[in-house]
Amino acid sequence: MKNKFIEAIESEIKTKEIPSFRVGDTVVVNFKIIEGNKERIQAYKGLVIAMHRNGASSTFTVRKLVGDVGVERIFPVYSPRIDSITVERAGKVRRAKLYYMRKLRGKATRIRERRKGF
Amino acid sequence: MVKALIGRKIGMTQIFTSEGNVIPVTVVQAGPCLVTQKKTTEKDGYNALQLGFDKILKSNHINKPMGGHFKKHGVDAYKTLKEFRVENADEYQLGQEIRVNVFAEGDIVDVQGVSIGKGFQGVIKRHGFAGGPAAHGSDFHRAPGSIGMREWPGETLKGKRMPGRMGGKTVSVQKLEVVKVFEDKNLLLIKGAIPGHDNSIVYIKETTKKK
């Protein structure tokens, strides 16, 4: 358990509603991008391959393929730059970290869908 | 008001700026401190305040010499005492409380504490020596090498960097920014890392470095 003073500070940050998602899910992260003085929202869709749970410092890693190149982005869960997160598809996986996905291409990267009860 | 406090390091966390950037911060429970002694030019040759932190609750935890000191100045007993220089000590009263609100967001401070003890360490960890190759028949791995037995210098020079006790020393870190002040909880958020392990005593004061 964390120190009560640190928890008090982190509870001020952790006010945002975060939809529940797990490693193996396909999510869309709507990320605010500031260009000059304009602000727009960019959607980033991909597979959650890792979650780092550490209170207000928690992050998650989203992997997608752009053309043939794998792109991974690490988002802080409680970042004010994240507008919203939507879960597109729930995946059933047996690992906490899906780093093996980096070696796989095409058909091998399929993940079974998680249905009720799992 | 004197910009100095005694505090206890709580630990580290992160906070976000409004732009969404992450700032690593150390949480310090700072103060409230009490003025336990005033030092003046007439009496002591210089101006300073002695601050006390963390009240001693049981009277049998105070030894006789310290008890006498507190009694002389008519203040309660405190576990940690530290002197801080001030311009004029007469502006303050004995027993005056110094709270965390002497600092404000954006202040630049110096933090002093005792670094984490690392025990007896070799030259690679202690002084950043490069060491030798790990393999290919190398016999020279983490040893310090020659310490001076060539024609010159022919002796081991004083101050030669060698293995030994590392850490556990008083360290000051200068020019750290105060990110946030929680007056009700007596907490300070200081940007970056500060010396010492969690729950260790640290001294915070306004920076002596020029801008």
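The sequence lines fix the lettering, A, B, ..., with proteins before strands; numbering per chain opens at 1.
- Summarising the geometry, atom CG belonging to A:Asn54 is positioned 7.5 Å from atom CD belonging to B:Gln14; distances are rounded to the nearest 0.5 Å.
- Summarising the geometry of A:Ser79 relative to B:Gly20, their closest heavy-atom pair is OG-O, 4.2 Å, with the distance given to 0.1 Å.
- In this structure, CZ in A:Phe5 is found 8.5 Å from CG in B:Asn186, a value given to the nearest 0.5 Å.
- Of the inter-residue distances, the one linking A:Ile9 atom CD1 with B:Ile10 atom CD1 reads 8.5 Å to the nearest 0.5 angstrom.
- Heavy-atom contacts from other residues, nucleotides or ligands closer than 6.0 Å to CZ of A:Arg102 number more than 12.
- Under a cut-off of 6.0 angstrom, the local environment of NZ in B:Lys180 is sparse, with at most 12 non-hydrogen atoms contributed by other residues, nucleotides or ligands.
- Annotation: side chain of B:Phe182 is in contact with side chain of A:Glu12 (closest heavy-atom distance under 4.5 Å).
- Counted within 6.0 Å of CG on B:Asn63, heavy atoms from surrounding residues, nucleotides or ligands total more than 12; the atom is thus considered enclosed.
- Minimum interatomic distance between A:Pro80 and B:Thr17 (heavy atoms only, all atoms of both residues): CG-O, 3.7 Å.
- Put simply, CG on A:Asn3 and CG on B:Asn199 are 7.0 Å apart, with the number rounded to the nearest 0.5 Å.
- The two residues A:Tyr78 and B:Phe16 make their nearest non-hydrogen contact at O-CE1, 3.5 Å.
- Enclosure of atom NZ in A:Lys16 by more than 12 non-hydrogen atoms of other residues, nucleotides or ligands within 6.0 angstrom is indicated.
- Remark: A:Arg73 CZ is packed, more than 12 non-hydrogen atoms of other residues, nucleotides or ligands lying under 6.0 Å away.
- Heavy atoms closer than 4.5 Å to chain A are found in both the backbone and the side chain of B:Ile15.
- For NZ of B:Lys55, the number of neighbouring non-hydrogen atoms (other residues, nucleotides, ligands) closer than 6.0 Å is 12 at most.
- Annotation for A:Lys32: atom NZ counts as buried by contact number, over 12 foreign heavy atoms lying within 6.0 Å.
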